[in-house]
Number of protein chains: 2
Amino acid sequence: MTLEKLGNLDKERKDAIINAALMEFATKGYDEASTIIIAKNAGISKGLMFHYVNSKKDLFLYLYDYSLEIILDDFWGSINMNEKDMLVRCRQIAFIKMELLHKHPQLFDFFQAAIYTDSQEVKIELDKKGKDIRGNSFHKLFENIDETKFKDNIDIQKAKDLIIWSLNGIADMLQQKVKGLTWEEINYDQLIAECDSYFEILRKSYYKEGGIENECDFSK
Amino acid sequence: MTLEKLGNLDKERKDAIINAALMEFATKGYDEASTIIIAKNAGISKGLMFHYVNSKKDLFLYLYDYSLEIILDDFWGSINMNEKDMLVRCRQIAFIKMELLHKHPQLFDFFQAAIYTDSQEVKIELDKKGKDIRGNSFHKLFENIDETKFKDNIDIQKAKDLIIWSLNGIADMLQQKVKGLTWEEINYDQLIAECDSYFEILRKSYYKEGGIENECDFSK
DNA sequence: TCATTCATTTACCATTTTGGTCAATAGTCT
DNA sequence: AGACTATTGACCAAAATGGTAAATGAATGA
């Protein structure tokens, strides 16, 4: 979804509209979101806003693509896919996710609202896009992993699953601890330490013993 | 939240109202749900429905308590808390959850809608109740666990966390596989086998070696 | 048969809110 | 001044909402 008129705007106004819309949709959901409030918070009249965006629906879908692009670009720009150690990559993912959450809190809030919206008007098209992402991006995350590090007596694919699920848990925990805090209030070192202690256990659990210290580099 | 008038009704009509309301709220969310549709699907007029339930809000909160009670009773009635083996208990939880999902699909759908509703009208009271449950019930789930089975060189609490997160993943996987299928279409044995292969890995990963066969009883 | 009481319906309401439009205005450049 | 664009805000038709209360129907009892 592209909005020509909005795209050719000075950055300031464009951002004002986008931010106002993100916030409104994030807090109220699609149906309850009011176009007049968006316009007001963007500092323009409703009439002008509808001059830039053809309809509420288009604006919403535009925001979805826009947010997704920013987040995904940021994500794939941050992650080092040369790292073949599954656990180190997981560690990266956990922290990148946390950082993204802090860098773009509105975007994440918007996404949560977008995903759980019931509105028939946008749900179908949202589902379509969602499927693509989960299909495309997710399994890319764990491609090219060095499987020789895993213990021999376990099913490696299933072990990977378990690690991914554990990663989800760790990331959620991080997210909860960080929620609402400012960047300065966070004790980053402590967070890293706690996080690493979990990965340490995962390593002991799923990797072969020996050759640990030198092979597995936990530095970022 | 109790609704006197509704409680003193013949079961048939009461159920009709409850089911109609559950479905409507589940599919549309609180705000979008229409009282007239609920009444119609329950086979009565709107006027009569408002004679039984004072307001839309009361009906919604009543359903929340009602659903929760049914599910929790069923859950705690099914689980064997004498089982001290963490992994066996997890296995129980996974399957009970799956069974509950099949027994009361409407209730789960309703809950999902209820939890993710944005409506200011009910959100506050919902949050209140939600906190109680997570605080009370959840940590009860993993009380009284035999910790001697865990490996000595790892932090047991963290290992428990990792197992719980893995359980979440396993349960979600089960849920997805079972979604939409009828009870007969499900290859239960295969599901159990797959599930157990994950728990097998978890056992190898987090428990001490030896004494496995006889100590860990995977029969239900 | 009539009256009373209950269950139920139906017509109605007051209000709110919505996304979207368009004629009028203000501002800017030549 | 005149031409052109950017911007406003009053206005709309329509829907749909939760809730009410008078009217109707059914059942009971004398």
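Lettering follows sequence order; numbering is per chain, from 1.
- There is no side-chain donor-acceptor pair under 3.5 Å between Gln176(B) and Asp172(B).
- Counting to the nearest Å, the P atom of dT21(C) and the NZ atom of Lys46(A) are 11 Å from each other.
- Residues Phe110(B) and Phe60(B) place their aromatic rings such that the two centres sit under 6.0 Å apart.
- Between Asp74(B) and His104(B), the shortest heavy-atom contact is OD2-NE2, 3.2 Å.
- Using a distance-only test at 3.5 Å, with no hydrogens or angles considered, a donor-acceptor pair links the side chain of Asp85(B) to the main chain of Val88(B).
- Rounded to a whole Å, the CG atom of Leu48(B) is 16 Å from the P atom of dA11(C).
- Between the side chain of Asp10(B) and the backbone N or O of Glu12(B), no donor-acceptor pair lies under 3.5 Å.
- Protein atom CE of Met49(A) is 12 Å distant from nucleotide atom P of dT21(C), rounded to whole Å.
- Classification of Lys57(B) and Glu125(B) as a salt-bridged pair holds, one side-chain N sitting under 4.0 Å from a carboxylate O.
- A heavy atom lying under 4.0 Å from DNA chain C marks the following residues of residues 18-38 of chain A, by number: Ala33(A), Ser34(A), Thr35(A).
- Salt bridge annotation for Glu194(A)-Lys177(A): present, with a cationic side-chain nitrogen under 4.0 angstrom from a carboxylate oxygen.
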*Start with the C-alpha gap between Lys160(B) and Glu147(B), add the side-chain angles, then the distance that decides, and say whether salt bridge (charged side-chain N to carboxylate O under 4.0 Å, His left out) holds.*
CA-CA 10 Å; Lys160(B) 277 184 180 173; Glu147(B) 300 186 343; 2.9 Å; yes
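- Taking side-chain N and O atoms only, Tyr52(B) has a distance below 4.0 Å to OP1 or OP2 of dT8(C).
- Put simply, NZ on Lys40(A) is 15 Å from C1' on dG19(C), counting in whole angstrom units.
- Here dG20(C) presents its P atom at 4 Å from CZ of Phe50(A), a figure rounded to the nearest Å.
- The span of DNA chain D lying next to chain A, judged by atoms under 4.0 Å from heavy atoms, is bounded 5' to 3' by dT7(D) to dG9(D).
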